[in-house]
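Only a predicted model underlies this, so the values are computations on that prediction, with no experimental measurement involved.
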Amino acid sequence: MSRAELGDALALVNAILNGTAAVLLLAGRVAIAKRKRHVHRGLMLTAFAVSALFLCSYLTRVALTGTHADPHHGWVHATYLIVLVTHMTLAMLVVPLVVTSLYFALRDRFARHRAIARWTFPIWLYVSVTGVLVYVMLYRVPVG
């Protein structure tokens, strides 16, 4: 397998991990809304693990193949750039929010956890979903 093929394969793995994290986050939100704390905890810890695995895989792909330029033009390229910039900015912001949310939850400080999770959840979900969207736009939307 060439480096380019490995990079493409890892990009797909990353999209799958992001999509999985999004599904876990939504399921975790539903679980806590139904007051199923134990289920919520398991789903959110799994979402955290999947997101951490994504980060490792993403950094590996970038180290092996570098970043990839968007081959599109016009409105598709403009849309890609908007999605990418918001995704990257919020991805950097969400890491300390997730860690802080988990910290308070794991120490049974639920009032503080809820206060931070109100911000963390939508940002984390947006980052996970737009991660899949970035992959689709970069690797699956035809050029021309």
Visitor: Going from CZ on Arg3 to CD on Glu5, what distance comes out if it is rounded to the nearest 0.5 angstrom?
Guide: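 Spacing of CZ (Arg3) from CD (Glu5) equals 13.0 Å.
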
Visitor: Taking Leu45 as the starting point, is it possible to reach Val127 by hopping between hydrophobic residues whose side chains are less than 4.5 Å apart?
Guide: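 Same cluster.
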
Visitor: Give me the other members of the hydrophobic cluster that Trp119 sits in, counting Ile, Leu, Val, Met, Phe, Trp and Tyr linked by side-chain heavy atoms under 4.5 Å, directly or via other members.
Guide: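 Other cluster members: none.
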
Visitor: Tell me whether Leu59 shares a hydrophobic cluster with Val50, the cluster being built from Ile, Leu, Val, Met, Phe, Trp, Tyr side chains joined at under 4.5 Å.
Guide: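 Same cluster.
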
Visitor: Can you tell me which residue pairs pass the ring pair (Phe, Tyr, Trp, His ring centres under 6.0 Å) test with a partner in residues 35-64, sequence neighbours excluded?
Guide: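 Ring pair (Phe, Tyr, Trp, His ring centres under 6.0 Å) check on residues 35-64 returns Phe54-Tyr58.
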
Visitor: Are Val62 and Val134 connected in the hydrophobic side-chain network, where two residues link if heavy atoms are under 4.5 Å apart?
Guide: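 No, Val62 and Val134 fall in different hydrophobic clusters.
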
Visitor: Which residues pass the side-chain hydrogen bond (donor to acceptor under 3.5 Å, both in side chains) test with Thr86, not counting sequence neighbours?
Guide: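 side-chain hydrogen bond (donor to acceptor under 3.5 Å, both in side chains) list for Thr86, sorted by chain: Tyr126.
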
Visitor: Not counting sequence neighbours, which residues clear side chain to side chain contact (heavy atoms under 4.5 Å, CB included) with Met92? List them please.
Guide: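 In terms of side chain to side chain contact (heavy atoms under 4.5 Å, CB included), with neighbours along the sequence ignored, Met92 is linked to no residue.
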
Visitor: Kindly work out whether a path of hydrophobic side-chain contacts (I/L/V/M/F/W/Y, heavy atoms less than 4.5 Å apart) joins Ile123 to Val129.
Guide: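 In one cluster with Ile123: Val129, yes.
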
Visitor: Can you find a heavy atom in the side chain of Leu64 that is under 4.5 Å from one in the side chain of Thr60?
Guide: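 Side chain of Leu64 against side chain of Thr60, heavy atoms only: contact under 4.5 Å found.
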
Visitor: Which atom pairs, one a donor and one an acceptor, fall under 3.5 Å between side chains of residues 66-79 and the rest of the protein, sequence neighbours left out?
Guide:
{"residue": "His68", "atom": "NE2", "partner": "Arg61", "partner atom": "NH1", "Å": "2.9"}
{"residue": "His68", "atom": "NE2", "partner": "Thr65", "partner atom": "OG1", "Å": "3.4"}
{"residue": "Asp70", "atom": "OD1", "partner": "His72", "partner atom": "N", "Å": "3.3"}
{"residue": "Asp70", "atom": "OD1", "partner": "His72", "partner atom": "ND1", "Å": "2.5"}
{"residue": "Asp70", "atom": "OD2", "partner": "His77", "partner atom": "ND1", "Å": "2.7"}
{"residue": "His72", "atom": "NE2", "partner": "Val141", "partner atom": "O", "Å": "2.8"}
{"residue": "Thr79", "atom": "OG1", "partner": "Trp75", "partner atom": "O", "Å": "2.8"}

Visitor: Between Leu43 and Leu102, is there shared hydrophobic-cluster membership here, with clusters defined by ILVMFWY side-chain heavy atoms closer than 4.5 Å?
Guide: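 No, Leu43 does not connect to Leu102 through the hydrophobic network.
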
Visitor: Quick one: CE on Met44 to CG on Leu106, what's the gap to the nearest 0.5 Å?
Guide: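 Answer rounded to 0.5 Å: 11.5 Å.
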
Visitor: Could you measure the distance from the CG atom of Leu138 to the CG atom of Asp8? Nearest 0.5 Å is fine.
Guide: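 These two atoms lie 9.0 Å from each other.
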
Visitor: Which donor-acceptor pairs under 3.5 Å do the side chains of residues 107-117 make with protein atoms, sequence neighbours left out?
Guide:
{"residue": "His113", "atom": "ND1", "partner": "Ser101", "partner atom": "O", "Å": "2.8"}

Visitor: Search all heavy atoms of Thr100 against all heavy atoms of Pro96 and return the closest pair with its distance.
Guide: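 Closest approach of Thr100 to Pro96, heavy atoms only: OG1-O, 2.7 Å.
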
Visitor: Run the side-chain hydrogen bond (donor to acceptor under 3.5 Å, both in side chains) test against Ser128 and tell me which residues pass, sequence neighbours left out.
Guide: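 Ser128 satisfies side-chain hydrogen bond (donor to acceptor under 3.5 Å, both in side chains) with no other residue.
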
Visitor: Mind listing the closest non-hydrogen atom pair of Tyr139 and Gly7 along with its distance?
Guide: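 Closest approach of Tyr139 to Gly7, heavy atoms only: OH-O, 4.5 Å.
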
Visitor: Please list all pairs meeting ring pair (Phe, Tyr, Trp, His ring centres under 6.0 Å) that have one or both residues in residues 81-109, counting only residues at least two apart or in different chains.
Guide: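 Checked against ring pair (Phe, Tyr, Trp, His ring centres under 6.0 Å) - neighbours excluded - no pair reaches residues 81-109.
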
Visitor: Test question: given the 4.5 Å side-chain rule for I, L, V, M, F, W and Y, name all other residues clustered with Ile82, or answer none.
Guide: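 Same cluster as Ile82: nobody, lone residue.
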
Visitor: Taking only residues two or more places apart in sequence, or in another chain, which ones meet Arg140 in a side chain to side chain contact (heavy atoms under 4.5 Å, CB included)?
Guide: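 Arg140 satisfies side chain to side chain contact (heavy atoms under 4.5 Å, CB included) with Tyr135, Val136 once adjacent residues are dropped.
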
Visitor: Donor-acceptor pairs under 3.5 angstrom involving side-chain atoms of residues 11-31: please list them, not counting sequence neighbours.
Guide:
{"residue": "Asn14", "atom": "OD1", "partner": "Ser57", "partner atom": "OG", "Å": "2.5"}
{"residue": "Asn14", "atom": "ND2", "partner": "Leu10", "partner atom": "O", "Å": "3.3"}
{"residue": "Thr20", "atom": "OG1", "partner": "Ile16", "partner atom": "O", "Å": "2.8"}

